[in-house]
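So the structure is just underneath, and the comments pick up after that.
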Amino acid sequence: MKIKKNIAVSESGFVFDPSTGESFSLNQVGLELVELLKQGEDFDAIKKEILEKYDVDEISFEKYYYDFINSLNQNQLLED
Amino acid sequence: MNKTKITLAATGLNNTDNPGPGIPVIRAIRESKMFDVRVIGLAYETLEPGIYMKDLVDKVYMVPYPSEGSGALIERIAYINSIENINVLIPNFDAELYTFMKSASTLEKIGIHTFLPTIEQFEERHKANLPEFGKKYNLKVPKSISLLKHSEIGEIRKEFEYPVMVKGKFYDAYVAYNEEQVRMHFNKISAKWGFPVIVQEFVKGTEVNVVALGDGKGNTIGAVPMRKQYITDKGKAWGGVTLDAPDMLKLTYHIIKSTRWRGGMELELIRTNNNDLYLIEINPRIPAWVYLAVGSGQNLPEALLKLALGQEVKPFEKFDVGKIFIRYSYDMIIDWNDFEKISTLGEI
């Protein structure tokens, strides 16, 4: 799962896709997930990091993670 | 650097909610580091806002509509030229382009340079000729037919599924969801723009646009892709952002190279969900949003001016992605006398 290389993400969580002109706002966790994806981290590494940092169980995390990935995909922010 | 003094004449001073490109073109050329420009505005209506923008336009003359006969328009321009010594004329309306292209050599003889598409280029990219244009240059275009009579509207359902786009020869485009709506738009459009009225397949996707400049030898001098972010009820961009879209640029280079396009152009494209680009229209002139290209590093009107003067122009190699333009409206206060002068004397 890779975020498109040319996506611009600001520190405040504002995302700009220069190929479509679309922009999005992320909350803090969304921003962290996008940053981890941009660094090329895989699902297991991301899960480990989030479970350590936040009070969330594994099943809930997986559900929310894949919802989020689906949302990124729908908005054409992922590369094939 | 010493600036070269030139006199530029431009039309399209109608900086309204359906803006002509004249004012952004003039603004771009005013920013030139090479030219010290005296700007002569040519106006068709006395309330075109650009007439009263004295920081941009030095002198304005009323000119007759091309529909009154090209002779009258060219005669008026020859008169204006006898006073102003115009070096370059940039027409900015689709509806007047034919007259200026036809009269280019007459204008050249009196010292007025233009840099316009050829008649052949202008004709073959007409909305009514888009299917043939697509076939000739290997482009994806929507299926379309030209209607000349009201009675032909019934034929649409044999060829298309609703909705369809109903378009005027020069301007106006509406979505129609049934035959009744086609009839309504057909009447409105034909009354305003004449025939044919074009019915086009509705291609679902996002509208994206490119402003570009061809040198007439197949080279693209500059091209900037944009997506409208805010659209008025007339379908005009009120805000837009420059895109990083190599496929749009590739398509632009292909069109300019294969048609050897001469002059400014705007490509109207639809990007489908499958990322296919459909060519919807080619406008044969610089669009009103051209200042976005200037603001992102490509002063295309200045480059067009240089081409018109026969100067060599190096192609632009880059532009800034993510630059946004936002229009605004602004109330100018003008003296009654100014309105009187342009209305009665035809110049100000």
Side-chain angles (χ1 to χ4, degrees), chain A residues 1-47 49-50 53 61-80, chain B residues 203-211 223-231 235-252 266-278 280 287 289-293 295-298 318-327:
Chain A
M1 212 75 67
K2 280 185 181 166
I3 293 274
K4 280 198 307 202
K5 280 195 194 76
N6 59 352
I7 299 289
V9 185
S10 76
E11 285 176 9
S12 64
F14 193 78
V15 177
F16 174 65
D17 179 355
S19 50
T20 63
E22 294 283 2
S23 50
F24 310 88
S25 283
L26 296 171
N27 64 16
Q28 183 57 38
V29 183
L31 176 59
E32 284 180 45
L33 289 173
V34 165
E35 291 295 356
L36 290 166
L37 287 164
K38 275 196 99 171
Q39 288 161 24
E41 300 290 357
D42 63 13
F43 172 72
D44 289 333
I46 294 172
K47 184 168 77 173
E49 175 137 356
I50 298 292
K53 196 167 175 188
F61 169 75
E62 280 195 24
K63 179 182 176 299
Y64 292 133
Y65 176 81
Y66 284 111
D67 275 354
F68 184 64
I69 293 295
N70 193 31
S71 176
L72 292 177
N73 198 29
Q74 273 181 358
N75 288 297
Q76 301 175 329
L77 296 170
L78 297 180
E79 270 178 347
D80 294 332
Chain B
V203 182
K204 209 173 162 193
T206 307
E207 186 184 335
V208 284
N209 305 74
V210 183
V211 54
V224 177
M226 177 276 283
R227 202 199 88 191
K228 294 175 185 177
Q229 288 184 301
Y230 190 109
I231 300 174
K236 302 296 161 188
W238 203 255
V241 59
T242 55
L243 301 177
D244 176 18
D247 56 346
M248 290 170 69
L249 292 178
K250 195 176 162 195
L251 180 69
T252 308
E266 179 192 25
L267 299 181
E268 293 187 10
L269 308 165
I270 299 284
R271 185 187 291 285
T272 65
N273 289 340
N274 298 329
N275 256 333
D276 287 328
L277 288 171
Y278 276 77
I280 302 299
W289 58 272
V290 66
Y291 197 77
L292 177 65
S296 55
Q298 296 196 4
K318 57 180 183 176
F319 63 91
D320 297 331
V321 171
K323 287 280 181 198
I324 293 174
F325 82 92
I326 304 170
R327 288 203 176 117

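Note on naming: letters A, B, ... go to the chains in the order of the sequence lines (proteins, then strands), and numbering restarts at 1 for each one. Since the structure is predicted, the reported quantities are computational estimates derived from the model, not experimental observations.
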### Task
Determine whether more than 12 heavy atoms belonging to other residues, nucleotides or ligands lie under 6.0 Å from atom NZ of B:Lys250.
no
### Query
Which pairs pass side chain to side chain donor-acceptor pair (under 3.5 Å) with one or both residues in residues 61-71 of chain A, sequence neighbours excluded?
none
### chain B contact via A:Glu22 - which portion, at a heavy-atom distance below 4.5 Å
both
### Query
Above 12 or not: heavy atoms from other molecules or residues under 6.0 Å from CG of B:Asn273?
no
### Query
Checking B:Asp247 against chain A: side chain, backbone, both or neither under 4.5 Å from a heavy atom?
neither
### OG on A:Ser23 to CD1 on B:Ile324, rounded to 0.5 Å
7.0 Å
### Summary
In terms of heavy-atom pairs under 4.5 Å with chain B, the winner among A:Ala8, A:Pro18, A:Gly21 is A:Pro18
### Query
How far apart are the closest heavy atoms of B:Val321 and A:Phe16, and which atoms are they?
CG1-CE2, 4.4 Å
## Note on the structure
Shortest non-hydrogen pair, A:Asn6 vs B:Asp244, comes out as ND2-OD2, 3.2 Å
### Query
Considering residues, nucleotides and ligands other than A:Lys4, do more than 12 of their heavy atoms fall under 6.0 Å from its NZ?
yes
### Task
Taking atom OH of B:Tyr230 as the centre, report whether more than 12 heavy atoms of other residues, nucleotides or ligands fall under 6.0 Å from it.
no
